[in-house]
Structure formats: C-alpha cells, structure tokens
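When a ligand or atom number is given, it counts from 1 through the structure's own listing order.
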Amino acid sequence: MDIPPLMRTLLSKWRLILLVTLAAIITISAALYGVWQLSRSRDFQLFGKIIPRIETTEKVIALTFDDGPTPAYTQLVLDLLREKGVTATFFLIGSDVDAHPEESRAIIAAGHEIGNHTYTHADMTLASEDFAADEITRTDVAIRNTGYTGDIHVRPPYSKKLIGLPLHLAKHDRATITWDIEPESWPEIASDPAKIAAHVIEKARPGSIVNLHVMYASRETTRQALPAMIDGLRAAGYRFITVSELMALATAGQ
Ligand SMILES: [Zn+2]
C-alpha cells in the first residue's frame, strides 16, 4: 500500500517525537537512580565527612543501635550488654528521647554513647539545610536534657542524605556516621539469629561499624543474635568500643 507523502512526513515526525521522549525518560530515570544511589550511600556524600568504618590495625569494632529508646526493649538490651561487658553506641530519635527520658538516662547511666538519629526519623534526602538544622538541633537538645555530656555524633535514618544535611553537618564540623556491616538488610539473614551473628562475625574488620536495630518487637531475631555475635567477635580477637573511641583511633593514626 502506498502511503501519501504528507502522511509519511507526519509519521516520521511522530516517530522522532517518540524517540526523543523515550530518550528523555531514560536519561531522567538514570539520573534519578544515580541521585537515589548517592543519597543512600554508606561511604560517599557531597559535603563533609562520612564514616562507614575507620582504618586501623587494631581489632576494635563498634556495635551501634538505631532508633528508640522504647520502654519495651531498652532495659532488656542494656542487661544483655552488661552481662557481656560490651559498651555500644545508641543513635536515638529525638522525639523518643523526649518521650522516654527514663530509658534515655538508663542508657547513659550504663556507660553507653548516645548519637543523634534526627528528631522525627525523617528521610533527609530532600531536606533543606534549615530543616536538617532543626532536626539535628532539637535532638541535641533532647539528648542534653537527659544530662548526657559526651560527644554526640549524627546518623541520618536509612543513611539518607543529599545536600541539606551534609551541608549543615560540614558547617558544624560534624561527620555523618554510617556503617560497613548491616546484617538486617537481607531478609534471609535478618530472619535467623544464627545467620545474623555469623554474618557480622564474617564481615568484621578492624574499625568496623555494625548497624543493628533492637528497639522494636519486630527485631526479636537481632536481640537473640547479640550473645552469639558478641562471643564470636571476642573469640576472633575483637574489642568493643564506641563510635567516639573509634574516631579518636582514626585521628591518632593520621
Ligand atoms: Zn532509624
């Protein structure tokens, strides 16, 4: 069948528009995917310092617990750490610190380090500098109100940040603390205490930071994994230190 010339021109025009549109969609998707990957990176950000672990030859490791404190699980976790003689770092949510000051003070009284995990556990990817400053400052105030006098390091929820938060932290000479070991990120590991412990023991390197959640009912397997994880790391020669102690080691080694 013969296609009239006018029709042919229109068809090729539409084909061009379609191709250009497709190319634009692919380019925008790739760019968004790149930004998304960047926003959740554990070891790269656009401004300031990000610390997923520190370089050291000493067999030291930091156990870090995100979220809470919650009345249901704080004491149980503190008892477990005391039995094992482990000092850890708790990245607490500012609003939970205000809601549960007793639990917050119990963590401090047990000698653990407190970190800042934002006030509302917000995804900080699109946060403006002002919003980030507000989330971080309110949490600092909540933590200080409990009487805590130690250094307060910052960990954004889900390790998400892009411009506002890193800018705010860089201006205040504070690092973003992430992690290099995250056993709960794989459902087949997270569902089995023995696998969680084995994963951490296998991945541990001198200066590693382990990301764990123990403050919610859904994290029973992580709580159950702690004794074997701690025993296994000790058997491999590891000593448990806080994030501040880890950072001091990094500074001393520079
Ligand atoms: Zn969190």
With the Zn ion (ligand 1) as the apex, the NE2/NE2 angle for His117 and His121 - to 10°: 100°

Answer yes or no for His213: is there an N/O/S atom below the 2.8 Å cut-off from the Zn ion (ligand 1)? no

Leu92 pairs by side chain to side chain contact (heavy atoms under 4.5 Å, CB included) with which of Val97, Thr118, Thr139? Val97

Regarding Arg174 and Asp151, does a basic nitrogen lie under 4.0 Å from an acidic carboxylate oxygen? no

Asp67 near the Zn ion (ligand 1): N/O/S under 2.8 Å: yes

For the pair Lys84 and Asp231, find out whether any cationic side-chain nitrogen is under 4.0 Å from an anionic carboxylate oxygen. yes

Would you check if Leu165 and Phe131 make a side-chain contact, meaning some heavy-atom pair closer than 4.5 Å? no

